[in-house]
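What follows is one structure encoded as structure tokens, with my remarks underneath.
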Amino acid sequence: MDDLYRDYILDHYKRPRNFGSLEPHDLEGLEHNPLCGDELGVHIRVKDERIEDLRFHGFGCAISQASASIASEELKGMSLREVAELGADWMIDLLGIPVSATRRKCALLNLKVVRGAVSGDDAWPS
Amino acid sequence: MDDLYRDYILDHYKRPRNFGSLEPHDLEGLEHNPLCGDELGVHIRVKDERIEDLRFHGFGCAISQASASIASEELKGMSLREVAELGADWMIDLLGIPVSATRRKCALLNLKVVRGAVSGDDAWPS
Amino acid sequence: MPPVAESSLGVKADFPIFSRRFDGRELIYLDSAATSQKPAVVIEALAEHLRGHNANVHRGVYALAREADAAYDEARRRVASFTNATGGETIFTKNVTEAINLVAYSWGRAHVGKGDAVLITQMEHHANIVPWQVLCRERGAQLRYLEVDERGELSLEALDQELARGDVRLVAFTHVSNVLGTINPVAEISARARAAGAVSLIDGAQAVPHMPVDVDAIGADFYAWTGHKALGPTGVGVLHGRREILEGMEPFLTGGDMIASVDFYSATWNALPAKFEAGTPMVAEAVALGAAVDYLSGLGMERVRAHERELTAYMLERLAQVPGLRSVGPLDADSRGGLVSFTVEGIHPHDVAELVDRGGVCIRAGHHCAQPLMRCLGVGATARASVGVYSEASDIDALIDALLAGREVFGL
Amino acid sequence: MPPVAESSLGVKADFPIFSRRFDGRELIYLDSAATSQKPAVVIEALAEHLRGHNANVHRGVYALAREADAAYDEARRRVASFTNATGGETIFTKNVTEAINLVAYSWGRAHVGKGDAVLITQMEHHANIVPWQVLCRERGAQLRYLEVDERGELSLEALDQELARGDVRLVAFTHVSNVLGTINPVAEISARARAAGAVSLIDGAQAVPHMPVDVDAIGADFYAWTGHKALGPTGVGVLHGRREILEGMEPFLTGGDMIASVDFYSATWNALPAKFEAGTPMVAEAVALGAAVDYLSGLGMERVRAHERELTAYMLERLAQVPGLRSVGPLDADSRGGLVSFTVEGIHPHDVAELVDRGGVCIRAGHHCAQPLMRCLGVGATARASVGVYSEASDIDALIDALLAGREVFGL
Ligand SMILES: Cc1ncc(COP(=O)(O)O)c(C=O)c1O
Ligand SMILES: Cc1ncc(COP(=O)(O)O)c(C=O)c1O
């Protein structure tokens, strides 16, 4: 079996969960991966300081799309406070595959977008 | 005996001929050697399209000063036309010493100044 | 289909990197458009200069300094004559990006203003786009794009229409597209620009390493290229420029070596080319680039081009056999340089590159620093395979095998 | 006087150039202030990168590209930590001249205008003068000079007076003068500039290779230096900068790698430090500079400084014995870096250099790219002898012998 392109990664890539747009939404974000021109955006609906619902949109590689899809299921219901503290390790662990330095940017793109939308912090990860 | 610093070179360096200023004068020129910051200027008095008299001024190394001094004796009396056609070889031959690529600029500085004064050609030698 | 006659120049052994093994496998390098590998003679020229002839240039009177001066001057001569650019001046920069910025800053700020236009093409590399965006914004000028047609080519009629508007001060365009592979009719474009009173600048980054280029015959005002793609080291680029234009320009970078004299409040400039080479130049790198162009001349640029043309034809043919693969750019190898960009249905280009890497094959994926072109092509990114003098038909076979294996990983 | 204990670090054998012979003679190299010689480990690091790890950086997914990325990143880390500049950003440029121009163009054009002043000193190298002349002329600002006193030093009181005028936006000054040798009180100057609301830039070209430098402790906003003087190859320089300031600046060179995204008519910029590194960087040269600073760290910069201080003291003492010789700059070796500029009565500096070359000794003559300072000193040029880690007391003995012999040639 392939190390990186596990079945569940390809499954999330081909049938991403929570993709599309969400109208109306309370928060939104959009990021490019300068490496490859990929684009990932998010719409977030907030209720009681928690993510009530969210949708990703854009295009990208299997790693970035699968990351966004997998993360989307965990992010729903999280408090904005928790989200603002999520680190790279959280995402990498969740993904469950060995990520090289080059592909790290792909894997973290969705978290970057979400953090940007939630806390306006677009310098992460430095 | 030294190859470069022959007796006559040092003699011209220490007691340069035709150095100073010439007032009034008809033509003048001034050049810097960007290599070493040296400065050489000339005043020329013209009569019947010939150099009647000339004086160099400025400061420089033994090679540039001796060149100016030695050349000054030849330049007096030359027609402006002849001067405009003097080439690097004329000066190098007149100097009579082996001149390295680096010192060539020193040796040719006076001719550059004189040509500039006579024909306005300050691109020489390219 | 068997590899064709010229499909190998048989020079891989000249390039030390090919003796390395990666997890026991040979290096299959199809990323020469990003940077070329270096022959031992180039690496040795670089090392030997630093080992035995290193001194600062332009200023020393001792023997070692004279050697360094002579080596730097000789490198400039070789580099200029390699592309027959001896009619103008040859300036060393750190890469082609700096060369284009030099022109944008020094020529552009003095000659482009309100009501003027800069004309570039949709197939430019960011290095030949962003400096003009910045210039036009700063000077209130208009940036316009010459369209790329569905074959991946420029239209000379469209160019004429643009020039007929009478406001174009500069036409900047690539010799060979780093995405489409298209070889542009650079002499025609330069001539038309000149006839319309516009200055021309050619980005030759993808041309000089791969085909005979005659800068004087092409007749552009500026022709720029970059050393690291032409078997040279990193850190050195080249700007050929028409003397009258360079003479009329203010300097770009200022400091040592480029001055004639410095007063407290003003300075005068040194003669060309020094005027545009502020500070200590990349002497060893220029010397090594001299060795690189000698090596290329030794192979013969006609032969290099023939070799790469054959490989490109072979690559186009083999790629067409991969299901779901769509390549961009002109269809026949005669009209293109040694690279093919493509997408594979169902696999993002980034994953394509990662998957073929498992077969030991190095290709590039992304926007190739040509995002406007990507937009025109309607894709976010492509994968790109590109060849060099050391490439062989078997490299392409390995790419195809790796692509087919990659599709299987993705269940296609 | 016998050479003192620390007068040799015993490392000449590490530098291949010293095994060369010139007309059968050893190389006596006293021109390290112009450029340093390179140890074999640096040349080998450069060659080995090109031989075995060469790929374009920042973009490739294959193993070789990851190696190149890692090597470039690691070089940046090493170079930044060598001068403890890890509190800010470290940007690679082609030399210190480009680094200073970067600040003049990108920071200067946005922050210096009519009614503002740029303060520099009379002891600057042209690289730290001409960019400010150009900026001030373009922006209608005033360029002012801090005087050098008769000891060859700057006065902090004069600095305070200048700053008290309230119009100084930038103070740019050298860490160590390349003519006088003076070591300036850089932390004090930076602190006073900052207190007065001015930005500070230090030209560390002559400091970093020769003494411990702690960029974070010095506290300037910009600190720049150049690789080729610090045992590194040509083609690479360094700009350390405060992050907040760099973030607020527009880019300088534009093109590939420095963008986040490029549209047809506008672009957004990549994060630091990439924003200021347009185009393919000098990867191999940065890697080699990393090896150079490792080599220097291995020697220990305290030891390097002690060694060069001793040699300078010895050189000052021996030069004083040459009839007609007048040296410039501070009198004691504690206040100066490893170089001494001087004139010899009756012999033009250019001839001094030529004459000592006959003794196999390499020194430099000229204005040393510091014409305003030459004017202050009342000379057109000086001769300059300068040391490096490989220099030994015997080199200075050879210089003295050659100077005495040279005087005889001139009948003095
Ligand atoms: C004090 C000083 N600043 C700047 C420079 C310029 O360095 P580079 O030519 O490497 O840009 C030099 C050396 O030439 C120098 O000594
Ligand atoms: C067509 C073209 N122009 C410009 C460049 C930029 O070259 P460099 O990064 O060496 O400045 C490249 C390569 O990256 C290119 O392919």
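Computation of the quantities below employed the complete heavy-atom set of this structure, encompassing side-chain atoms and omitting hydrogens, waters and symmetry-equivalent molecules. The sequence lines fix the lettering, A, B, ..., with proteins before strands; numbering per chain opens at 1.
- Residue-level contacts of residues 61-70 of chain B with chain D, in order of numbering, are B:Cys61, B:Ala62, B:Ile63; threshold 4.5 Å between heavy atoms.
- Shown here is B:Glu49, whose CD atom has no more than 12 heavy atoms of other residues, nucleotides or ligands within 6.0 Å.
- With a 6.0 Å radius and a threshold of 12 heavy atoms from other residues, nucleotides or ligands, B:Glu52 has its CD atom above the threshold.
- Using modelled atom types, one side-chain atom of B:Lys14 and one backbone atom of D:Phe410 make a donor-acceptor pair closer than 3.5 Å.
- Neither side chain, D:Asp351 nor B:Tyr13, offers a donor N or O lying under 3.5 Å from an acceptor on the other.
- Atom CG of B:Asp93 is surrounded by more than 12 heavy atoms from other residues, nucleotides or ligands within 6.0 Å.
- Residue B:Arg81 places its CZ atom among 12 or fewer non-hydrogen atoms of other residues, nucleotides or ligands, all under 6.0 Å distant.
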Can you list, pair by pair, the side-chain donor-acceptor contacts under 3.5 Å of residues 17-25 of chain D, counting residues two or more places apart and other chains?
{"residue": "D:Ser19", "atom": "OG", "partner": "D:Pro16", "partner atom": "O", "Å": "2.7"}
{"residue": "D:Arg20", "atom": "NH1", "partner": "C:Gly52", "partner atom": "O", "Å": "2.5"}
{"residue": "D:Arg20", "atom": "NH1", "partner": "C:His53", "partner atom": "ND1", "Å": "3.3"}
{"residue": "D:Arg20", "atom": "NH1", "partner": "C:Glu67", "partner atom": "OE1", "Å": "2.6"}
{"residue": "D:Arg20", "atom": "NH1", "partner": "C:Glu67", "partner atom": "OE2", "Å": "3.4"}
{"residue": "D:Arg20", "atom": "NH2", "partner": "C:Glu67", "partner atom": "OE2", "Å": "2.8"}
{"residue": "D:Arg21", "atom": "NH1", "partner": "D:Phe18", "partner atom": "O", "Å": "3.1"}
{"residue": "D:Arg25", "atom": "NH1", "partner": "D:Arg358", "partner atom": "O", "Å": "2.9"}
{"residue": "D:Arg25", "atom": "NH2", "partner": "D:Arg358", "partner atom": "O", "Å": "3.0"}

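- For the set D:Leu355, D:Val379, D:Val352, the entry with the most heavy-atom pairs within less than 4.5 Å of chain B is D:Leu355.
- In this structure, the separation between CD on D:Gln371 and NE2 on B:His32 is 7.0 Å, given to the nearest 0.5 Å.
- Atom NE2 in D:His367 sits 9.0 Å away from atom CG in B:Asp38 (nearest 0.5 Å).
- Atom CD of D:Glu345 has 12 or fewer heavy atoms from other residues, nucleotides or ligands within 6.0 Å.
- Distance NE2/D:His348 to SG/B:Cys106: 8.0 Å, rounded to 0.5 Å.
- Summarising the local packing, CG of D:Leu331 is surrounded by 12 or fewer heavy atoms from other residues, nucleotides or ligands at distances under 6.0 Å.
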